[in-house]
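As structure tokens, the structure follows; a few thoughts come after it.
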Amino acid sequence: VRLSLRDLPGRHVSRGHVIAVWGWLWPRRFLPGPGRARALASRSRVGAMEEEDEEARALLAGGAARDGRDSPAAPRPLPALCDPGRLAHRIVVLLLMCFLGFGGYFCYDNPAALQTQIKRDMRVNTTKFMLLYAWYSWPNVVLCFFGGFLIDRVFGKRWGTIIFSCFVCIGQVVFALGGIFNAFWLMEFGRFVFGIGGESLAVAQNTYAVSWFKGKELNLVFGLQLSMARIGSTVNMNLMGWLYSKMEASLGSAGPTTLGVTLMIGGITCILSLICALVLAYLDQRAERILHKEQGKTGEVIKLTDVKDFSLPLWLIFVICVCYYVAVFPFIGLGKVFFTEKFGFSSQAASAINSIVYVISAPMSPVFGLLVDKTGKNVIWVLCAVVTTLVSHMMLAFTMWNPWIAMCLLGLSYSLLACALWPMVAFVVPEHQLGTAYGFMQSIQNLGLAIISIVAGMILDTRGYLFLEVFFIACVSLSLLSVVLLYLVDRAQGGNLNYSAKQREEMKLSHTE
Amino acid sequence: MCGCGQQCWGWGNCAASPMLLLSLLLSTAPFALRGEDTRQVSLEVIPGWPDTPQNLLHVRAVGTNSTLHYVWGTLGPPAVVLVATNTPHSTLSVNWSHLLSPEPDGGLMVLPKDSIQFSSALIFTRLLEFDSTNVSDTAAKAPGKPYPPYSLAKFSWNNITDSLDPTTLTATFQGHPMNDATRAFVNGSLAFRVQAFSRSSRPAQSPRLLHTADTCQLEVTLVGASPRGNRSLFGLEVATLGRGPDCPLVQEQHSIDDEYAPAVFQLDQLLWGSLPTGFVQWRPVAYSQQQRGRESALPGHASPLHPTLAYSLPQSPIVRAFFGPQNNFCAFNVTFGTSTGPGYWDQHYLSWSMLVGVGSPPADALSPLVLGIMAVALGAPGLILLGGGLFLLLRHKRPLEYESIN
């Protein structure tokens, strides 16, 4: 298993892209702690397989387990399902991990799925509606720096997970209560609390994944968690509207109460996640006892002072990242009405097309990860992704063509960008600053999303969708401008950003010699 | 969507070729129907007999080579007669004794008669109300179970002299049922606000229809009337004159541009005849609050025009007076809102705007701001790429040159 995993193509890039794919939503997701991020990225940079193998072997929980079982100290063999060293048990843990995140993914996009209902029942305009997303992002502007640190150093992963799960649950309940009491400020507050928990829970989930699967099925686990995130979002997009209409039928009328009850029912997924967190904590403690596993404490604290040392290419990468993501996610948040009004879609069809970006990104991310890994030339891939996004936004804005084409293009380009952009950070930052760089990147991304969400709502209310699309086009084009500049700067400085995979290999060899 | 309606897809207006055709036709069309940029517009309340309320408004728009006459009146149901003439000197003559008699033919004339290039009329016959409870969101276009409509012929209207404003070129007809048995209109009224324009522009308030000097805007507002159900939807029955056996068409133009009415991508228009003769234009949206925003927008739906027997409609003396007794009438309904969205019940307010005019209907174009942003957004990366590419190319060449010299 280990061999096949090590040979799994696109190993480091797939980790990078995983960071990226969830980057917008759960920025710290695949950076369990700054140190670990550094470790992952440094490996991807140097690519020292032997070192990795050694490290993997050293941390191999399974190996340790087998040793433990073979040693006379082991009291008696456990059934496979209960033996922390066995695959069957790890699969149980994997399931728990996936469902740990499900609640958060499901509830994050509740506002998008119920956009018309929320705006009607709470009597808010789009600007205020988009505050629900902004309030989610605000705490994470700060927490992105500290989430990993809190989990590694302060709470530990078990308590960290439980605490953040509680935040998610409480946040969703407060959000729903805001509906029941017809108080929009309470809903906003709920989203704020939810935001505190949401992103950090993702980090915690990731820490679990690394501690249980490192050196084993880690890529697969990341892949599965990614798919789970997408499934959560997609299920939400397609389920909540239906749930609302059922509630409306049983309560007799639409209104804030119906909305609140619907959201409360949606909150069951968060309770489920909390239960998973508790069970996981128990299982993890038990495994630690049985396997004498050490707590994977790694990492240094992020140093904010590193920011002044960031190079021009890194700043350009930040601009690309922020300008790109703000043109994708606020659009999805506002997209449903666009598809019903402009293209005459039914409510269900609009939900479906609105979630297609998520649906595409789940299977395509590994494929693109592999592609970028095999070819290198990251800047060119980023350029392709940004241009494709620009084209798809222009199709949505200026044509009446079937929007499925444009949205599928958007989904593809989004997946490609994630795979090509995020690993680039590792090429332009010294190893010891990687944690800071990724933390900073996610932080300003959250800041961008928070601000642009509000701006997008305001534009939509006053100027309509065409102008909103033009605004997004301008954002993407700023991103494109930065890519072009990045390419030129990199060429001028003789940087390695756009090396092909082969060139990187050669450079590495010459380096080691 | 709509049985007899045509649909156009594409940029702001119809696709290029019909547009071209239209402009070709336009140049051969009668001179009077060519739009003029500015007109001298005057609003005049035509004095009636002392004991009758003065409810005949004459909008006279004089251009260099043409005059447009819009005669708005509430004798009978609210109605407008629009007449285009090819001389700047045409006049309206009103014979009140004819007009108020049971056979008002000839009571309203535009002189000289041979200068008339085009004439038509709109009559607002009934205010419709539907019960939208038990109508699911996805159900067809039927707005719900209809309540008995209010016949606008049986409304009493205020004296428009008070509301006439010669600076903004507006006047408002405000009315309520003459015998209001259900007392629904105790605190309510239905208002028809007419506005004329001396030049092309766009109002600041949604739905921001582009108007020209050849058009009049009508804003129908229902305020304060008690609805007969919790979820009452309102609508308006509008009748017009049919030319020959067929009714005019209602076109639903789908546009990419919702800049002037956020999230409304459609413009409906009724065209009298295929030549650019006259039109009624509106966006399928009404507003349930005075503060017109997206959150108070009610989607509108227009039924296709269908031929109607004259006696089934409330008669309009001014239409009869101008066009005589033999006429085919066509009617259509516009209804606003859905049971689930915002509605009249929010604030007991409903407002809908339309444009009636002569010539070809004004077409929206992308605003300069949008075009400017697009030019910069697409131009800048291209220029940087070009400039940067050149720079790199030159930088690479220079060492080569030195080498060759050495």
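For the numbers below, each heavy atom of this structure counts, side chains included, while hydrogens, waters and symmetry mates do not. Each chain gets a letter, A, B and so on, in the order the sequences are listed, and its residues count up from 1.
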Using non-hydrogen atoms only, which part of [X] is less than 4.5 Å away from chain B: side chain, backbone, both, or neither?
X	result
A:Ala254	neither
A:Ser346	neither
A:Thr399	backbone
A:Val124	backbone
A:Leu468	neither

(request) Using a cut-off of under 4.5 Å on heavy-atom pairs, state which of A:Ala474, A:Cys475, A:Ala397, A:Gly464 scores highest against chain B. (result)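 The residue among A:Ala474, A:Cys475, A:Ala397, A:Gly464 with the greatest pair count is A:Gly464.
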(request) For chain B, find which of A:Leu480, A:Asp121, A:Val476, A:Leu390 contributes the most heavy-atom pairs closer than 4.5 angstrom. (result)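 Going by pairs under 4.5 Å, I would pick A:Leu480.
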(request) Work out which heavy atom in A:Ser477 is nearest to a heavy atom in B:Pro381; give both atom names and the distance. (result)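 Closest pair (atom of A:Ser477, atom of B:Pro381, distance): O-CG, 3.7 Å.
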(message) Ignoring hydrogens, what is the shortest heavy-atom contact between A:Glu341 and B:Phe265? Give both atom names and the distance.
(response)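 Minimum heavy-atom separation between A:Glu341 and B:Phe265: C-CD1, 3.8 Å.
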Could you check if a side-chain atom of [X] sits within less than 4.5 angstrom of a side-chain atom of [Y], using non-hydrogen atoms only?
X	Y	result
B:Met374	A:Met394	yes
A:Leu488	B:Ile384	yes
B:Arg294	A:Thr126	yes
B:Ile373	A:Ile473	no
B:His254	A:Met400	yes
B:Leu369	A:Val470	no

So with a 6.0 Å cut-off around [atom1] of [X], is the heavy-atom count from everything else above 12?
X	atom1	value
A:Lys119	NZ	yes
A:Asn402	CG	yes
B:Asn187	CG	no

(message) To the closest 0.5 Å, what do you measure between OG (B:Ser296) and CZ (A:Arg123)?
(response)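 It comes to 11.0 Å.
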(request) Could you grab the distance from atom CD of B:Gln291 to atom CG of A:Asn125, nearest 0.5 Å is fine? (result)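 Atom-to-atom, B:Gln291:CD and A:Asn125:CG are 10.5 Å apart.
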(request) Quickly, which of B:Ile256, B:Val264, B:Asp258 forms a side chain to side chain contact (heavy atoms under 4.5 Å, CB included) with A:Tyr465? Name it, please. (result)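 That would be B:Asp258; it is the only one of B:Ile256, B:Val264, B:Asp258 passing the side chain to side chain contact (heavy atoms under 4.5 Å, CB included) with A:Tyr465.
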